[in-house]
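For reference, the structure discussed in these notes is given below.
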There are 2 protein chains.
Amino acid sequence: MKHFSEISPTAVRVVDAAEGLVQQHGYNGFSYDDVAQLVGIKKPSIHHHFPKKEELVAVVAQRYTHRFREALLSIEGQHAKAPDRLIAYAALFERTFAKDRRLCVCGMLGAESDSLPEAVASEVERFFKVNLEWLKLVVADGQRAALITSKSTAEVLAEAFLCALEGAMVVGRGMRSSRGPTEVGNTFLFSVLT
Amino acid sequence: MKHFSEISPTAVRVVDAAEGLVQQHGYNGFSYDDVAQLVGIKKPSIHHHFPKKEELVAVVAQRYTHRFREALLSIEGQHAKAPDRLIAYAALFERTFAKDRRLCVCGMLGAESDSLPEAVASEVERFFKVNLEWLKLVVADGQRAALITSKSTAEVLAEAFLCALEGAMVVGRGMRSSRGPTEVGNTFLFSVLT
DNA sequence: GTCTATATTGTGATAGAC
DNA sequence: GTCTATCACAATATAGAC
């Protein structure tokens, strides 16, 4: 599989455009022509960079996961305590949703997962595993420091938190509300942590 | 807009097939040919019952919401206390997911909402409003009876609970896990509400 | 109500010139 | 790398016979 770090400047713009289209319309909701028009080149030029659609979207998901990992590392550098880290984590989702009510790339693709090419579905799966693993460690740390008092396991708390944030984006969109995932995240944190 | 209660027996089978296809592949992920093959008639016959795709899917969402309201009423008849009602509510989602990891019709359509015909998007919006309204009343009742001790408002607790359940289906699918929304629902009920 | 046939448009993908 | 031209096919949708 191609790696996003080894692609040309134009290919980067193609991935940028495809990322936005996936967030707004899903895998089956956009075409190579849509990408071409956003980038400002013709359809066959998109195929030159990414011969198959599943390749393009797999790279979109791959890069998205990588950037998320960078963001998680950045949070660790900026916040020492578990509750602050979880608040910063929720803010990642809020920032995504704030831009045209965009969905998480892997939230959208996750919903479509059963009708996705394997190469894409496995990238999506990896995104969730990476996030759950990180959240689990943060929650466990918070419990150890008695900053999180819930008696549920770190694993199920991490999963519930992630699901609440992903769900908030889907429901917010479905209700055509401009309210982002922050409130749902806060409700969860406020009730679980204290 | 056509009402689902006034359609012919064959049209009912068409809606049945379309409902499953929406849950598994989304609005943009299935075609009239897919519906035709499931029902066992030809594509133009589907058009005879539902001339436009948006009409068909709008009826799918309309009927889905109606059935949900019936289920909510049934829960009220079977459970008196708020926590029991919320557990039964989560079980509705679990049953949907248990069948081939199907998504909530409006969870799937909610994710796609921005690229949906208005007639469909407004039905989806209504589904969420109906559910949030019901959940809010149940939560408020639970708080009045001191069975739910969280100090957050009934409104935000209702929203967080719904988002957690919808999100659990999306994440469960994205992770290709067979674990349904029940665990997330339980975590929420156990840690957040009490 | 269902069918065959067809119109029309869109879609992923390729060939080959520049 | 980008383009024009084109393919093969799938999509929504309609006309009109039975």
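Quick note: numbers below take in every heavy atom, side chains included, and nothing from hydrogens, waters or symmetry partners. Here is how names work: the chains are called A, B, and so on, in the same order as the sequence lines, proteins then strands, and each is numbered from 1.
- Straight-line distance from the CD1 atom of A:Ile41 to the P atom of C:dC18: 21 Å, rounded to whole Å.
- A cation-pi arrangement is not found for A:Lys42 relative to A:Tyr32, the charged atom failing to lie both closer than 6.0 Å to the ring centre and inside a 45° cone about the ring normal.
- Comparing A:Lys43 and A:His49 by the nucleotide of DNA chain D that holds the closest heavy atom to each, the one mapping nearer the 5' end is A:His49.
- Both the sub-6.0 Å distance and the 45° axial angle are satisfied by B:Lys2 relative to the ring of B:Phe50.
- Side-chain N/O atoms of A:His48 include one lying less than 4.0 angstrom from OP1 or OP2 on D:dG1.
- Electrostatic pairing of B:Arg63 and B:Asp16 counts as a salt bridge here, judged by a charged N lying under 4.0 Å from a carboxylate O.
- Residue-level contact check: A:Phe30 touches the backbone only, with heavy atoms under 4.0 Å from sugar-phosphate atoms and none from bases.
- For C:dT2, the OP1/OP2 oxygens have a side-chain nitrogen or oxygen of B:Thr10 closer than 4.0 Å.
- Taken residue by residue, residues 51-59 of chain B places heavy atoms nearer than 4.0 Å to DNA chain D at B:Pro51, B:Lys52, B:Lys53.
- At least one donor-acceptor pair under 3.5 Å links the side chain of B:Thr187 to the backbone N or O of B:Glu183.
- Using a 4.0 Å heavy-atom cutoff across all strands shown, B:Ser31 reaches sugar-phosphate atoms only and no base atom.
- Map A:Asp33 and B:Ser8 each onto its nearest nucleotide of DNA chain C; the residue landing nearer the 5' end is B:Ser8.
- In this structure, A:Val170 and B:Gly107 approach most closely via the heavy-atom pair CG1-O, 3.3 Å.
- A cation-pi arrangement, defined by a distance under 6.0 Å to the six-membered ring centre and an angle within 45 degrees of its axis, is present between A:Lys53 and A:Phe30.
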